[in-house]
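In what follows, chains are A, B, ... by sequence order, proteins preceding strands, each numbered from 1. Reckoned from all heavy atoms, side chains included, excluding hydrogens, waters and symmetry mates.
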Amino acid sequence: MTTRVRFAPSPTGYLHVGATRSALFNYLYARQKGGKFLLRIEDTDLARSTDESTRSILEGLEWIGLAPDEDVVFQSANADKHRVTASKLLAEGKAYRDFTPKEAPTDSSVKDAIKERARAQGGEKNMRDNPYRDLSTVESDTRAGNGEPFAIRLKVPETGKTAFTDCVFGLQERDYAETEDLVLLRSDGHPLYNLAVVCDDIEMRITDVIRGQDHLTNTHKQILIYEALGVTPPRFAHLPLILAPGGKKLIKRLHGEIVSLTTYRDAGFLAAAFRNFLALMGWSASEEREIYSLEELIEKFSLAGVHRSSAIFNYEPNNPKRWTDDKLIWMNAEYIRTMPLADLLPHVKAELKAAKLWREEYDDNDDRDWYERTIDLIRARFFTLKDFSSQGRAYFSEDYDFDPAAIDKNLTKFPDLQTWLPELAMRFEQEFGQKSAGGSDKTFTEENIETVVKAFTEEKGTKLGVIMNGARTLLTGVAVGPSMLSVFEVIGLEKTLMRLRSQVAFNS
RNA sequence: GUCCGGUUCGUCUAGGGGUUAGGACACCGCCCUUUCACGGCGGCAACACGGGUUCAAAUCCCGUACCGGAUACCA
């Protein structure tokens with residue numbers, strides 16, 4: 001049987017990084033088995049589902065490279081089928097009408113109210129004490145016929161237990177006494193989650209359900225529905241959760257944008273790096289290695305390698321340098337500086353375009369070599385694609401800012417530089433400028449530049465670093481970067497002269 | 001409350017009866033060097049606790065603590 005798995009988010013917000021990992025694991029599993037990866041939008045909660053959320057989920061999946069293999073299924077479109085299934089179970093006596101009036105919502109949070117009620121009931125609660133459970137068919141039909149509203153509940157057997165072997169957590173058993181007669185259909189006719197999921201998974205011919213650990217108890221309920229329907233359940237695998245520092249739930253309300261996938265796209269992360277990082281949250285190939293291509297992940301992935309303990313998404317809210325998980329930041333940087341340049345180039349192009357720094361000449365033969373060499377040179381110290389347009393701005397534009405810390409460290413401390421650097425410009429012009437302008441015809445290359453700068457430094461009786469770092473600040477606006485000799489060469493003689501002569505940085 | 005899970009460096013993790021408990025990130029130090037966030041070398045740092053089984057327990061069993069999930073006419 002062909003493996004068919006699904007990622008089934010509810011469109012009630014952004015695409016969560018934890019949900020993204022579920023999608024990734026489903027995808028890896030499907031690809032490895034030569035199966036299909038499907039997407040189902042669980043929009044049965046009409047009140048909370050939004051189109052915008054659906055769009056953002058689709059967008060996020062596309063960015064991360066997890067496009068579904070078949071058309072997206074919208075659960076709400078199947079509501080009629082869900083109702084038919086509920087009626088069938090009712091007709092077969094496997095479900096019953098519950099005429100208990102719908103409870104009014106409480107003022108406390110739903111979650112707390114449930115917890116409170118459960119605590120009050122303790123372990124004493126008899127899950128089979130619904131007065132309508134054994135109502136005669138005749139009376140049930142009569143009351144329904146009279147227009148009395150009712151919910152349809154599954155009739156969970158008195159004794160016995162549900163059991164399944166989870167591919168991650170092993171044998172899971174739950175006594176029927178622990179499971180209430182779950183509602184299949186609301187009194188307003190809307191199908192509920194557990195019924196909808198089972199119906200759709202059957203219809204989509206899902207073979208393996210891979211989802212978050214928070215669904216572990218739902219699985220027992222769903223197995224009861226499968227049994228009532230006489231359908232063999234799929235295989236189940238539950239994934240440990242991704243938590244926030246301190247072991248708390250990672251949610252937007254508490255932790256902000258860092259939980260949303262699109263944040264990373266917008267912050268200049270590479271999808272490949274993010275996928276790689278995510279794959280290592282809760283899964284391991286049992287080897288000492290951390291960089292994996294998508295192909296390698298597909299090859300190595302296994303549910304047996306998925307952990308049972310939750311992972312913590314580590315970050316420090318008030319530390320700009322560690323605004324998200326430091327290993328993720330490292331991994332993105334690692335990808336940027338080590339991936340094949342040709343693979344990186346399109347991403348940099350997109351970033352420069354977005355920052356209005358892109359020029360078509362970079363694609364032409366004339367400037368292409370320069371462009372690619374420059375990217376290759378500066379990428380070594382960058383963490384995100386954003387760095388190409390921020391820290392790297394001076395390589396592509398005359399309109400760049402000076403980092404006050406760089407000015408302080410490299411210029412202010414050496415007042416002589418205000419005259420020395422324009423002098424250096426003059427020296428460069430003499431050495432490398434046009435013959436017609438009275439210069440020699442030496443080319444502006446690292447080796448030649450070094451000779452000139454060293455001689456200049458000696459004349460001034462200062463250290464090479466003073467000149468180099470002063471020049472660095474003027475030429476690039478920042479205090480860090482590649483070897484200055486390379487920077488001179490890449491910036492080119494003309495711009496170097498201009499920038500060395502500029503007094504802007506000294507006056508700021 | 002009840003049911004179900006979990007617990008190895010700060011974080012991600014390897015190991016699953018005998019290991020100097022390994023790697024990665026972060027952090028710190030040294031080196032390279034014209035700076036540096038690149039690179040190289042090194043360092044700090046962990047088996048939640050208590051019993052038991054065993055010649056031997058991080059590893060197996062039981063208990064405790066703590067953490068998480070679930071407990072809806074939400075998904």
Side-chain angles (χ1 to χ4, degrees), chain A residues 8-10 12 42-45 47-49 75 98 100 102-103 110-111 113-125 149-153 169 172-175 177-180 182-188 190 192-194 196-197 212-218 220 238 240-241 243 245-249 277 280-291 307-315 321-322 325-331 333 337 379-383 387 391 406 409-410 450 453 457 463-473 478-485:
Chain A
S10 59
T12 52
E42 310 227 310
D43 53 352
T44 50
D45 186 339
R48 293 197 299 149
S49 300
Q75 189 155 65
D98 181 0
T100 311
K102 186 173 187 282
E103 241 177 86
V110 187
K111 206 90 182 171
I114 288 160
K115 210 168 177 180
E116 216 26 70
R117 187 199 309 161
R119 202 192 311 280
Q121 290 166 345
E124 305 299 298
K125 166 75 173 162
F150 60 86
I152 294 182
R153 285 184 185 272
F169 288 91
Q172 298 292 307
E173 294 180 301
R174 192 174 167 90
D175 202 288
E178 301 290 338
T179 304
E180 69 166 350
L182 55 136
V183 174
L184 302 175
L185 216 57
R186 275 193 336 206
S187 49
D188 63 5
H190 278 112
L192 247 25
Y193 175 73
N194 283 303
V197 165
Q213 192 193 358
D214 47 339
H215 286 288
L216 215 40
T217 42
N218 278 330
H220 287 97
H238 290 88
L241 269 18
L243 305 173
K248 298 299 173 190
K249 214 168 177 174
F277 169 76
L280 264 23
M281 286 295 254
W283 171 81
S284 149
S286 295
E287 58 183 1
E288 291 179 353
R289 180 179 165 189
E290 35 275 322
I291 302 296
H307 310 145
R308 295 182 184 191
S309 51
S310 46
I312 291 174
F313 194 87
N314 199 26
Y315 76 102
K321 213 178 160 191
R322 305 261 291 274
D325 196 292
D326 46 23
K327 194 158 190 171
L328 169 58
I329 295 174
W330 166 79
M331 193 165 283
R337 59 186 173 238
R379 68 168 165 162
R381 285 166 181 81
F382 286 172
F383 291 96
D387 291 334
Q391 307 237 53
K409 180 182 170 200
N410 296 329
E450 185 172 20
V453 176
T457 304
K463 284 192 283 188
L464 187 60
V466 173
I467 300 298
M468 287 296 198
N469 293 318
R472 177 189 302 284
T473 305
V478 292
V480 302
S483 155
M484 249 334 266
L485 296 173

Mind listing the N/O atom pairs, protein and nucleotides 69-75 of chain B, below 3.5 Å?
from	atom 1	to	atom 2	distance (Å)
rA70(B)	O2'	Thr217(A)	OG1	2.4
rC73(B)	OP2	Arg153(A)	NH2	3.2
rC73(B)	O2	Ser187(A)	N	2.7
rC73(B)	O2	Ser187(A)	OG	2.9
rC73(B)	N3	Ser187(A)	OG	3.0
rC73(B)	N4	Thr100(A)	O	2.5
rC74(B)	OP1	Arg186(A)	NH1	3.4
rC74(B)	OP2	Arg186(A)	NH1	2.7
rC74(B)	O2'	Asp45(A)	OD2	2.3
rC74(B)	O2'	Arg48(A)	NH2	3.2
rC74(B)	O2	Arg48(A)	NH2	3.3
rA75(B)	OP1	Thr44(A)	OG1	3.0
rA75(B)	OP2	Tyr193(A)	N	2.9
rA75(B)	O3'	Glu42(A)	O	3.0
rA75(B)	O2'	Ser10(A)	OG	3.0
rA75(B)	N6	Asn218(A)	OD1	2.9
rA75(B)	N6	Asn218(A)	ND2	2.9
rA75(B)	N1	Asn218(A)	ND2	2.9

Could you tell me which residues satisfy side chain to side chain contact (heavy atoms under 4.5 Å, CB included) with Ser286(A), sequence neighbours excluded, listed by chain and number? Ser284(A)

Who does rC41(B) pair with, Watson-Crick or G-U, both distances under 3.5 Å? rG29(B)

Is the shortest heavy-atom distance from the side chain of Lys321(A) to the side chain of Asp326(A) under 4.5 Å? no

If I take atom CZ in residue Arg322(A) and atom C1' in nucleotide rC12(B), what distance separates them, rounded to the nearest angstrom? 13 Å

Closer to the 5' end of RNA chain B via nearest nucleotide, is it Leu328(A) or Leu280(A)? Leu280(A)

List every contact pair, protein side and nucleotides 57-63 of chain B side both N or O, where the distance is under 3.5 Å.
none

Over how many whole Å does the gap from Asp325(A) atom CG to rA24(B) atom P extend? 17 Å

Are there any protein N/O atoms within less than 3.5 Å of an N/O atom in nucleotides 14-16 of chain B, and if so, which ones and at what distance?
from	atom 1	to	atom 2	distance (Å)
rA14(B)	OP1	Ser284(A)	OG	3.4
rA14(B)	OP1	His307(A)	NE2	3.1
rG15(B)	OP1	Ser286(A)	OG	3.1

Using a heavy-atom cut-off of under 4.0 Å over every strand shown, decide if Met331(A) touches base, sugar-phosphate, or nothing. nothing

Atom-to-atom span, CG of Asn314(A) to C1' of rU11(B) - whole angstrom: 4 Å

Glu450(A): salt bridge (Lys or Arg N to Asp or Glu O under 4.0 Å) partners, not counting sequence neighbours: Lys454(A)

Listed partners of His190(A) passing ring-ring contact (aromatic ring centres under 6.0 Å, His included), at least two apart: none

Residue pair Ile291(A), Met331(A): steps toward the side chain to side chain contact (heavy atoms under 4.5 Å, CB included) verdict: CA-CA 8 Å; Ile291(A) 302 296; Met331(A) 193 165 283; 4.2 Å; yes

Nearest-Å distance, CZ (Phe169(A)) to C1' (rG68(B))? 10 Å

Looking at residues at least two apart in the chain, or sitting in another chain, which of them share a side-chain hydrogen bond (donor to acceptor under 3.5 Å, both in side chains) with Asp98(A)? Thr100(A), Asn130(A), Arg153(A)

Classify Gly246(A) by what it touches in the nucleic acid, base, sugar-phosphate, or nothing, heavy-atom distance under 4.0 Å. nothing

Euclidean distance, atom NZ of residue Lys327(A) to atom P of rG10(B) [Å, nearest integer]: 15 Å

Do Asp45(A) and Thr12(A) have side chains that approach each other closer than 4.5 Å (heavy atoms only, starting at C-beta)? no

Return the set of residues passing ring-ring contact (aromatic ring centres under 6.0 Å, His included) with His220(A) (not counting sequence neighbours), or none when no residue passes. Phe164(A)

Partners passing side-chain hydrogen bond (donor to acceptor under 3.5 Å, both in side chains) against Arg379(A) (at least two apart in sequence or in another chain): Asp376(A)

Distance in angstrom units between Phe313(A) CZ and rG68(B) C1', rounded: 18 Å

Taking Asp325(A) for the side chain and Asn314(A) for the main chain, is one N or O donor matched with an acceptor at less than 3.5 Å? yes

By the Watson-Crick or G-U definition, both distances under 3.5 Å, rG17(B) is matched with none

Look for any protein N or O under 3.5 Å of an N or O in nucleotides 17-20 of chain B and output each such pair with its distance, or none.
none

Could you tell me whether the side chain of Asp43(A) and the main chain of Gln75(A) form a donor-acceptor pair under 3.5 Å? yes

Go along nucleotides 31-50 of chain B 5' to 3' and tag each nucleotide: B for a protein heavy atom under 4.0 Å from its base, S when only backbone or sugar atoms are that close, - otherwise. ---BBBBBS-----------

What interatomic distance, in whole Å, is found between P of rU53(B) and the corresponding atom of rG6(B)? 25 Å

Partner of rU53(B) under the Watson-Crick or G-U wobble criteria, both distances under 3.5 Å, comes out as none

Sequence neighbours excluded, which residues qualify as ring-ring contact (aromatic ring centres under 6.0 Å, His included) partners of Tyr193(A)? His215(A)

